[in-house]
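As C-alpha cells, the structure follows; a few thoughts come after it.
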Amino acid sequence: YCLIFAQYFGIIFDERCKLVKTVCVTGHRPAKLPWKYKKEGPDYDEYIESLACCVAEYIDDGYDHFISGMALGVDMDFAEIVLGLKNEYGLNISLECATPCPNQTMKWPPSEIARYNDILEKADKITLVNDHFFRACMLVRDDYMVDHSDTVLAVWNGEQSGGTWHTIQYAKAKGKQVDIIRVEQK
C-alpha cells in the first residue's frame, strides 16, 4: 500500500517502504567562487569544511539520499563528500548523480573528466535528465533535483542571476527548505 500512497502523493520511499529524506545541492562553478579553479587556501578549506558539516548534519537529521547535478565546482565537491562519509563510516546513504545531458563534460579538462567518471562509478543511482544538450538543459536538471528533494543546499555568492539563483528561487516557490552557505566574491 505504501507504494500506491507514495505515487499518489509524490512521496519517495525506498524498497522497504521506508521514507527517504533527500537533499540536493546547487552552487557555482569554480569561476564564480573566490578560489576560482585553485582548490587551496583558507577560503577553500573553510568552504569544504562547511559543506562537509552540512552533509553530516543532514545525515544526523535522518537524510539518507543526496542528489548532485555533477557540474564542476560545488556539485562534484558535494558528491565527493557524500561518498567519502558513506565509505569512511559505512553509512546507509545514497548518492544520485543527476546529469543534465550525455555530453556534459565535453569541454572539461581531462582531470575533471576523470574525477566526474570516478564519482559516477561510485554513485548509487545515475539519472540522465535529458537525452541531448539544449540551451536550458542545466536548468531542467536543477528543477528535477528540487522536485525530488525535501531540502536544497545552496552555495551562493549573492549573485541574483544564473543557475544557482534560479534553483534557489524555484525551490522557494515549491515550498522546499533552502539552506545557504554564503561565499563572498573577492
Side-chain angles (χ1 to χ4, degrees), residues 20-86 88-89 91 93-100 104-105 108-109 111-112 115-116 119 123 129 136-186:
V20 175
K21 286 180 71 176
T22 303
V23 63
C24 70
V25 72
T26 186
H28 301 290
R29 287 171 182 77
K32 291 189 175 184
L33 295 168
W35 46 88
K36 309 285 185 211
Y37 287 87
K38 292 186 330 189
K39 296 178 185 173
E40 58 187 35
D43 289 338
Y44 177 77
D45 293 343
E46 183 180 327
Y47 147 75
I48 288 295
E49 186 176 326
S50 295
L51 197 55
C53 284
C54 284
V55 172
E57 286 177 20
Y58 289 130
I59 293 167
D60 286 346
D61 290 342
Y63 286 83
D64 52 5
H65 188 69
F66 298 83
I67 306 175
S68 169
M70 294 301 291
L72 291 171
V74 172
D75 291 17
M76 291 207 310
D77 293 338
F78 175 83
E80 288 175 329
I81 288 167
V82 170
L83 290 171
L85 290 171
K86 178 180 181 174
E88 186 173 342
Y89 298 105
L91 299 173
I93 59 175
S94 60
L95 174 67
E96 177 180 353
C97 296
T99 60
Q104 177 177 15
T105 63
W108 291 11
S111 61
E112 292 297 334
R115 185 176 170 219
Y116 176 91
I119 294 168
V129 179
C137 76
M138 306 295 176
L139 297 178
V140 172
R141 180 266 325 270
D142 295 342
D143 291 354
Y144 165 86
M145 293 191 310
V146 170
D147 291 341
H148 291 84
S149 295
D150 302 293
T151 298
V152 175
L153 174 60
V155 178
W156 182 51
N157 67 7
E159 192 174 291
Q160 295 187 3
S161 63
T164 302
W165 177 246
H166 162 85
T167 305
I168 292 168
Q169 295 307 303
Y170 183 76
K172 287 180 178 179
K174 290 289 189 170
K176 306 291 182 164
Q177 176 179 323
V178 178
D179 299 330
I180 296 175
I181 296 173
R182 187 70 188 263
V183 292
E184 298 300 326
Q185 223 18 353
K186 294 186 178 177

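Because only heavy atoms are used, hydrogens play no part in the values below, and waters and symmetry mates are left out as well, while side chains stay in. None of these values were measured; they are calculated from a predicted model.
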>> Does V23 form a side chain to side chain contact (heavy atoms under 4.5 Å, CB included) with S149? I'd like the steps, not just the answer.
In response: CA-CA 5 Å; V23 63; S149 295; 5.8 Å; no
>> Main chain of V129, side chain of R141: is a donor-acceptor contact present, judged purely on distance under 3.5 Å?
In response: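 Judged by distance alone, no pair lies under 3.5 Å.
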> Checking K38 side chain against Y44 main chain: does a donor-acceptor pair fall under 3.5 Å?
Replying inline: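 No; zero donor-acceptor contacts below 3.5 Å.
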Inter-residue atom distance [X].[atom1] - [Y].[atom2], 0.5 Å rounding:
X    : Y    : atom1 : atom2 : answer
C97  : Y116 : SG    : OH    : 7.5 Å
F66  : Y58  : CZ    : OH    : 9.0 Å
W156 : E184 : CH2   : CD    : 9.5 Å
E40  : I48  : CD    : CD1   : 13.0 Å
H148 : T22  : NE2   : OG1   : 9.5 Å
D142 : D75  : CG    : CG    : 7.5 Å

State, to 0.1 Å, how close [X] and [Y] come at their nearest heavy-atom pair, and which atoms those are.
X    : Y    : answer
V25  : M145 : O-CE, 3.4 Å
Y37  : A31  : CE1-N, 3.9 Å
M138 : P100 : SD-CG, 3.4 Å
A56  : L85  : N-CD1, 4.3 Å
M70  : A79  : SD-CB, 4.3 Å
T164 : T26  : CA-OG1, 3.7 Å

> Should the heavy atoms of other residues, nucleotides or ligands under 6.0 Å from CD of Q169 be counted, would the total exceed 12?
Replying inline: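 Enclosed: over 12 neighbouring heavy atoms sit under 6.0 Å from CD of Q169.
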Check whether any side-chain heavy atom of [X] lies under 4.5 Å from a side-chain heavy atom of [Y], and answer yes or no.
X    : Y    : answer
Y63  : D150 : yes
V152 : I168 : no
I119 : E80  : yes
C54  : I181 : yes

>> Name the residue from N157, D43, V74 that meets the side-chain contact (heavy atoms from CB on, under 4.5 Å) definition with V183.
In response: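 It is N157; the other options fail the test.
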> Would you call D77-R115 a salt bridge at under 4.0 Å N-O?
Replying inline: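 Salt bridge present between D77 and R115.
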> Between E159 and R29, does at least one N-O distance fall below 4.0 Å, as a salt bridge requires?
Replying inline: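 No, no charged N to carboxylate O under 4.0 Å.
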